[in-house]
Each structure stands twice: as C-alpha cells, then as structure tokens.
Enquirer: 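What follows is a structure written as structure tokens; I'll ask about it next.
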Amino acid sequence: MSAKIALLPGDGIGPDVVQEAVRVLRVVDVKLGLKLDFEEALIGGTAIDATGRPLPDETLELCRASRAVLLGAVGGPKWDDFSKADRPEAGLLAIRKELELFANLRPAVCFPDLIGASTLRPEVVEGLDLFIVRELTGGIYFGEPRGCEPHDGGERAYNTMVYDAGEIERIVRLACEIARERSGKVCSVDKANVLEVSALWRRVATRVGEDYPDVELTHMYVDNCAMQLVRNPKQFDVIVTGNLFGDILSDEAAMLTGSIGMLPSASLGGSVGLYEPVHGSAPDIAGQDKANPVATILSAAMLLRYSLECLEGAEMIEGAVSKVIAKGYRTADLHEPGTKLVGTRDMGDAILEALDGATGESDA
C-alpha cells in the first residue's frame, strides 16, 4: 500500500526547499520501496491569493487523508496588512489545531564541521545534541478571551494563557518517553514563581515524572533557561515547555548550531504528522537558488522516522547530509572561507550524490 504525502510548499522559499526534500525522498523511496505518493496543496499567502483563505478546505481534506504532511514556510510582507484571521500564519495555526498536533519536536544538533559557524565558543557547542518538546495547541496562542479594545482614551490589548492538566500531562509524558531513548534527562521549563498557569504546569509535570523513575526530571524558570542555553547548552538533553516559551527557546537553540537553516521539526499528536523547517519564508531570496534546503531535507528524515516508522530511510538522509557538510558544501547562510558556496539546487544534488550507495545506519 502506498503512503500519501501531502506537500504544502507555501510561500517565499517554501517551494524551493520542499522541492529539494521531495527529490531526496524519491531517491529513498526507490531504494527502499516505500511507494510514496506525493500530492501538493495550497497554504498561507499563496492560498489567500488563490482562494481568499490561508487554509482552504481542500488542503485540510488532503492532509487528513495523508500519512504525513511536508510543509515549507508561510508568510511575507505582501500579506502583512491583512487582518490577523486572514494572514498566512493563521493557516499554520489552524492546521495544527485541526490535525490535533499538540507536540512540536525540535532537535538542535551541532554538526562537527559547523562548530565554527556558531556565534558561541567551539567548546560550548561542540557535541551539542538537545531536543526541545514544545506544546503546540494550547497556551497563550489559543487562549480566550483575547482582543483589543478602547480604554481610557487609548487602546488596551489582552491575551489569555491557559492550560488544563490533561494538556500538560500528555506533553510531559511524550518528553519522558523521548528521553528514555536518549540520556534519560528532562528539564521542564516554566515561570512558576509568577504565573498560576506555570504553577499548575510544574505540579502536573512533577506528578508525571513520578511515573518515570528511570528519567531524571528537573525544573527551570524560562528566563534562566534562556540564559543557560547560551551559557552551557550541553547540560540539557530534552527540554519540555509550553507554547510561548517553546517558540522562543527553540529558535534560540537553533542558532546555537550556526544557522536556523539547519533545523528540522516534527509536529505530532493526531493520526497525521506535520514536518517543516524551523526557518521562515525569507521572501527576499525566494526563487533565487539561495535558500538552505537542509532543514527541510532533515524534516523529511523526521517524517520517515515518526510517521512511516522507516528508521533506515531517516538514517540514510541524515548520513548523507552529514557527508555533504563534512565535504565543505555550504549555502550562503553558512559560507565561510575554505568552504564551497553552493545554491539550493546544488546542495540538493550533493545530498543526492551522497545518498547513492547509502544503506542506512552504517552511512549515518
């Protein structure tokens, strides 16, 4: 039986990088006989232009009928003046909610040959391998009431941060399960000294942690965690936190590796997983063969690992990326003297060449 993969290239450089990831997936498909079936749909600004909505019903129907979704990026200045509900980002929030994708997984790994690209000292980031688990469908991004209203002759805006115990429990359990496959350490990040929501988060996390005696659960305030990520990031293994804090901390962690263009992500929870690079749409370089496709290609590897349970294919892709980085191929975001500057397409070609003859774990 074939596995349908929904492709949502989106806006800006989204089509550029998704195209390269699909090329890689097709090669793995041929090697392993996965019988992948790709179908493309609209999301974000391109969907607004074509249908008037950031998430058309047809797109959502395709995603629900697929094994997994590979997404590029959404947004751009062209749609900045649209109302909040009609902007491209509304489509991204909606698809997360509709597909019940409550967990965003963001690995941050520093490739040995990219240590020099980080803004931190080499000894701080060498060997970095941390995993952020961000709650994705609750918190302040979705809480009600919210709005903006006249107040004392001016304006007042408000948002509501809200979590229930069940939402907290399921994300902490997932983090503990992931930690069991790594080094067995989870740091739960909150602001329990100030926020009632975070106080509940800490109580629930502590209770869940008791069910995992083989996992070391610790707690840290979010401001301290932000500082520790640049001071001593290797103290962390798995970080679990809420939507707002996870949004900020995962981008900070991404830059520890040298470029946000290297970081993949997976959003899980329902029956269909969504995979996308951490970076934005970068419309200033769209269609110019300048974008770094590695984050999207590594997102495709996560798709194989989590949605298709094809560990061999995931390791083939990850191994090929490692080989190409080791050979000195760099897109503009990572280029430095002594490395080979390539465009989006050439980086994809190099990874395809590295895949030739790859056999899975032995090539990783």
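One-based numbering along the sequence shown.
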Enquirer: Nearest 0.5 Å please: distance from the OG atom of Ser250 over to the CD1 atom of Ile132.
Expert: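 Between atom OG of Ser250 and atom CD1 of Ile132 there are 5.5 Å.
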Enquirer: Membership question, hydrophobic clusters at under 4.5 Å side-chain separation (ILVMFWY): are Ile140 and Leu93 in the same one?
Expert: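 Leu93 and Ile140: one cluster.
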Enquirer: Is there a path of hydrophobic side-chain contacts, each under 4.5 Å between heavy atoms of I/L/V/M/F/W/Y residues, joining Leu274 to Val18?
Expert: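 Shared cluster, no.
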Enquirer: Identify whether Val321 and Tyr306 are in the same connected component of the hydrophobic contact network (ILVMFWY, side-chain heavy atoms under 4.5 Å).
Expert: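 Yes, same cluster.
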Enquirer: Grab the two heavy atoms, one from Leu101 and one from Gly270, that are nearest each other, plus how far apart they are.
Expert: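 Where Leu101 meets Gly270 most closely, the heavy atoms are CD2-N, 4.3 Å.
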Enquirer: Is the closest basic N to carboxylate O distance between Lys78 and Asp11 below 4.0 Å?
Expert: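 Looking at Asp11 together with Lys78, the answer is no, because their closest N to O distance does not fall below 4.0 Å.
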Enquirer: So, is the end of the Lys185 side chain (NZ or CZ) under 6.0 Å from the ring centre of Phe236 and within 45° of the ring's axis?
Expert: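 No, a cation-pi geometry is absent between Lys185 and Phe236.
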Enquirer: Keeping the roles fixed (side chain from Ser299, backbone from Glu276), state whether a donor-acceptor pair exists under 3.5 Å.
Expert: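 Judged by distance alone, yes, a pair lies under 3.5 Å.
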Enquirer: Compare all side-chain heavy atoms of Val186 with those of Tyr212 and state whether any distance is below 4.5 angstrom.
Expert: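 No. Closest side-chain heavy atoms not under 4.5 Å.
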Enquirer: State which residue, out of Val125, Leu128, Thr257, Val124, fulfils the side-chain contact (heavy atoms from CB on, under 4.5 Å) condition with Ser118.
Expert: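 Option passing the side-chain contact (heavy atoms from CB on, under 4.5 Å) with Ser118: Val125.
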Enquirer: For a 4.5 angstrom cut-off between non-hydrogen side-chain atoms, does Leu34 reach Val28?
Expert: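 Touching, per the 4.5 Å side-chain cut-off.
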Enquirer: Answer yes when Arg156 and Asp152 have at least one side-chain N-carboxylate O distance shorter than 4.0 Å, and no when they do not.
Expert: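 Looking at Asp152 together with Arg156, the answer is no, because their closest N to O distance does not fall below 4.0 Å.
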Enquirer: Are there more than 12 heavy atoms of other residues, nucleotides or ligands under 6.0 Å from atom CD of Glu123?
Expert: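 Count over threshold, so yes.
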Enquirer: With a 3.5 Å cut-off and no angle check, do the side chains of Asp346 and Tyr329 form a donor-acceptor pair?
Expert: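 The answer is no; no qualifying pair exists.
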Enquirer: Hey, does the side chain of Glu177 reach the backbone of Arg180 with a donor-acceptor pair shorter than 3.5 angstrom?
Expert: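 No; zero donor-acceptor contacts below 3.5 Å.
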Enquirer: Just do the salt bridge (Lys or Arg N to Asp or Glu O under 4.0 Å) check on Glu20 and Arg23 with the steps written out, would you?
Expert: CA-CA 5 Å; Glu20 298 309 310; Arg23 293 173 66 207; 2.5 Å; yes
Enquirer: I need the Leu120 CG to Met255 CE distance, nearest 0.5 Å.
Expert: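 That separation rounds to 9.5 Å.
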Enquirer: Measuring from atom CD of Glu89 to atom OG of Ser281, what distance do you get when rounded to the nearest 0.5 angstrom?
Expert: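 The CD atom of Glu89 sits 8.0 Å away from the OG atom of Ser281.
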Enquirer: Heavy atoms only: give me the nearest Met302-Ala266 pair and the separation to one decimal.
Expert: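 In terms of heavy atoms, the two residues are closest at CE-CB, 3.6 Å.
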Enquirer: With Lys191 as the cation and Tyr221 as the aromatic partner, state whether NZ or CZ is under 6.0 Å from the six-membered ring centre and within 45° of the axis.
Expert: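 The answer is yes; both the distance and angle limits are met.
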Enquirer: Please check if the side chain of Asp37 supplies one atom and the backbone of Ser2 the other of a donor-acceptor pair under 3.5 Å.
Expert: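 No; judged by distance alone, with no hydrogens or angles, the pair does not exist.
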Enquirer: Determine, step by step, whether Tyr141 and Asn159 satisfy the side-chain hydrogen bond (donor to acceptor under 3.5 Å, both in side chains) criterion, reporting the C-alpha distance in whole Å, the side-chain angles of both residues, the deciding distance to 0.1 Å, and the verdict.
Expert: CA-CA 8 Å; Tyr141 289 178; Asn159 293 88; over 6 Å; no
Enquirer: Would Ser307 and Tyr275 count as a side-chain hydrogen bond (donor to acceptor under 3.5 Å, both in side chains) here? Give the steps.
Expert: CA-CA 10 Å; Ser307 283; Tyr275 302 85; 2.6 Å; yes
Enquirer: Could you verify whether a donor N or O on one side chain and an acceptor N or O on the other, from Asp49 and Trp79, lie under 3.5 Å apart?
Expert: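 Trp79 and Asp49 do have a side-chain donor-acceptor pair below 3.5 Å.
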Enquirer: Within the distance-only criterion (no hydrogens, no angle test), does the side chain of Asn243 pair as donor or acceptor with the backbone N or O of Leu136 below 3.5 angstrom?
Expert: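 It does hold such a pair.
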Enquirer: What's the separation between atom OH in Tyr158 and atom NE2 in His151, rounded to the nearest 0.5 Å?
Expert: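 Separation between the atoms: 11.5 Å.
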Enquirer: Could you check whether any side-chain N or O of Asp289 sits under 3.5 Å from a backbone N or O of Thr344, counting only pairs where one atom can act as donor and the other as acceptor?
Expert: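 It does hold such a pair.
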Enquirer: For the pair Asp29 (side chain) and Leu36 (backbone), establish whether a donor and an acceptor sit closer than 3.5 Å, ignoring hydrogens and angles.
Expert: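 Yes.
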Enquirer: Quick one: list whatever passes salt bridge (charged side-chain N to carboxylate O under 4.0 Å, His left out) with Asp211, sequence neighbours left out.
Expert: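 Applying salt bridge (charged side-chain N to carboxylate O under 4.0 Å, His left out) to Asp211 gives Arg173.
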Enquirer: Are Ile13 and Val74 joined in one hydrophobic group, where the rule is that I, L, V, M, F, W and Y side chains link up if heavy atoms are under 4.5 Å apart?
Expert: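 Different hydrophobic clusters.
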Enquirer: Rounded to the nearest 0.5 Å, what separates atom OG in Ser183 from atom CG in Asp237?
Expert: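 Between Ser183 OG and Asp237 CG, I get 3.0 Å after rounding to 0.5 Å.
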Enquirer: I need the minimum non-hydrogen distance between Leu298 and Pro264, along with the two atoms involved.
Expert: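 The pair with the smallest heavy-atom distance is C-CB, 3.6 Å.
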Enquirer: Decide, yes or no, whether a salt bridge links Arg345 with Asp16 under the criterion of side-chain N to carboxylate O below 4.0 Å.
Expert: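 No.
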Enquirer: Are the side chains of Leu25 and Leu304 in contact, using a 4.5 Å heavy-atom criterion?
Expert: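 SC-SC contact between Leu304 and Leu25 confirmed.
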Enquirer: Return the CD1 to CD distance between Ile95 and Glu98, rounded to the nearest 0.5 Å.
Expert: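 That separation rounds to 9.0 Å.
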Enquirer: Could you check whether any side-chain heavy atom of Lys340 comes within less than 4.5 Å of a side-chain heavy atom of His335, counting everything from C-beta outward?
Expert: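 The answer is no; the side chains never approach within 4.5 Å.
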Enquirer: Indicate yes or no: at least one non-hydrogen side-chain atom of Arg202 is less than 4.5 angstrom from one of Arg207.
Expert: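 Heavy-atom side-chain distance check fails, nothing below 4.5 Å.
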Enquirer: Do Arg182 side-chain atoms and Val238 backbone N/O form a donor-acceptor pair below 3.5 Å?
Expert: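 Not a single qualifying donor-acceptor pair exists.
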Enquirer: With side chains defined as the heavy atoms from C-beta onward, is the minimum distance between Glu135 and Ile168 less than 4.5 Å?
Expert: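 No, their side chains stay 4.5 Å or more apart.
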Enquirer: Is the count of non-hydrogen atoms from other residues, nucleotides or ligands lying under 6.0 Å from Glu149 atom CD greater than 12?
Expert: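 Buried by this count: over 12 neighbours within 6.0 Å.
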Enquirer: Give a yes or no on whether the backbone of Val189 and the side-chain of Thr241 come within a donor-acceptor separation of less than 3.5 Å.
Expert: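 Yes, because the side chain of Thr241 sits within donor-acceptor range (under 3.5 Å) of the backbone of Val189.
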Enquirer: Check whether more than 12 heavy atoms from other residues, nucleotides or ligands sit under 6.0 Å from atom CD of Gln235, and answer yes or no.
Expert: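 Count over threshold, so yes.
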Enquirer: How close do Gly76 and Asp80 get, counting heavy atoms only, and between which atoms?
Expert: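 Looks like O-OD1, 3.2 Å.
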Enquirer: Look only at the side chain of Gln19 and the backbone of Ala21, and say whether a donor-acceptor pair between them is shorter than 3.5 Å.
Expert: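 Such a contact is absent between Gln19 side chain and Ala21 backbone.
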Enquirer: Are Val109 and Met262 connected in a single hydrophobic cluster, I mean Ile/Leu/Val/Met/Phe/Trp/Tyr linked by side-chain heavy atoms less than 4.5 Å apart?
Expert: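 Different hydrophobic clusters.
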Enquirer: Between Glu318 and Arg305, is there a side-chain N and carboxylate O pair less than 4.0 Å apart?
Expert: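 Arg305 and Glu318: salt-bridged.
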Enquirer: If we check side-chain contact (heavy atoms from CB on, under 4.5 Å) with Arg64, which of these qualifies: Thr59, Val69, Leu99?
Expert: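 Answer after filtering Thr59, Val69, Leu99: Leu99.
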Enquirer: Any side-chain heavy atom of Val22 within less than 4.5 Å of one from Arg26?
Expert: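 In short, these two side chains touch, coming nearer than 4.5 Å.
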Enquirer: What closest approach, in Å, do Pro107 and Leu263 show between heavy atoms, and which atom pair accounts for it?
Expert: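 That would be O-CD1, 2.5 Å.
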Enquirer: Whether the side chain of Thr46 engages the backbone of Leu42 through a donor-acceptor N/O pair (distance < 3.5 Å, no angle test) should be reported.
Expert: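 Not confirmed, Thr46 side chain does not pair with Leu42 backbone.
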Enquirer: When you look at CD of Glu196, are more than 12 heavy atoms from neighbouring residues, nucleotides or ligands closer to it than 6.0 Å?
Expert: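 No, the 6.0 Å shell around CD holds no more than 12 heavy atoms from other groups.
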Enquirer: What are the two closest non-hydrogen atoms of Asp251 and Arg106, and how far apart are they?
Expert: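 The answer is OD1-NH1, 3.0 Å.
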Enquirer: I'd like to know whether NZ of Lys234 has more than 12 heavy-atom contacts from other residues, nucleotides or ligands below 6.0 angstrom.
Expert: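 More than 12 within 6.0 Å, yes.
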Enquirer: Side-chain contact test, heavy atoms from C-beta onward, threshold under 4.5 Å: evaluate it for Lys4 versus Leu62 and give yes or no.
Expert: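 Lys4 vs Leu62: side chains touch.
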Enquirer: Is Glu312 paired with Lys31 through a side-chain N to carboxylate O contact shorter than 4.0 Å?
Expert: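 Salt bridge flag = no for Glu312 with Lys31.
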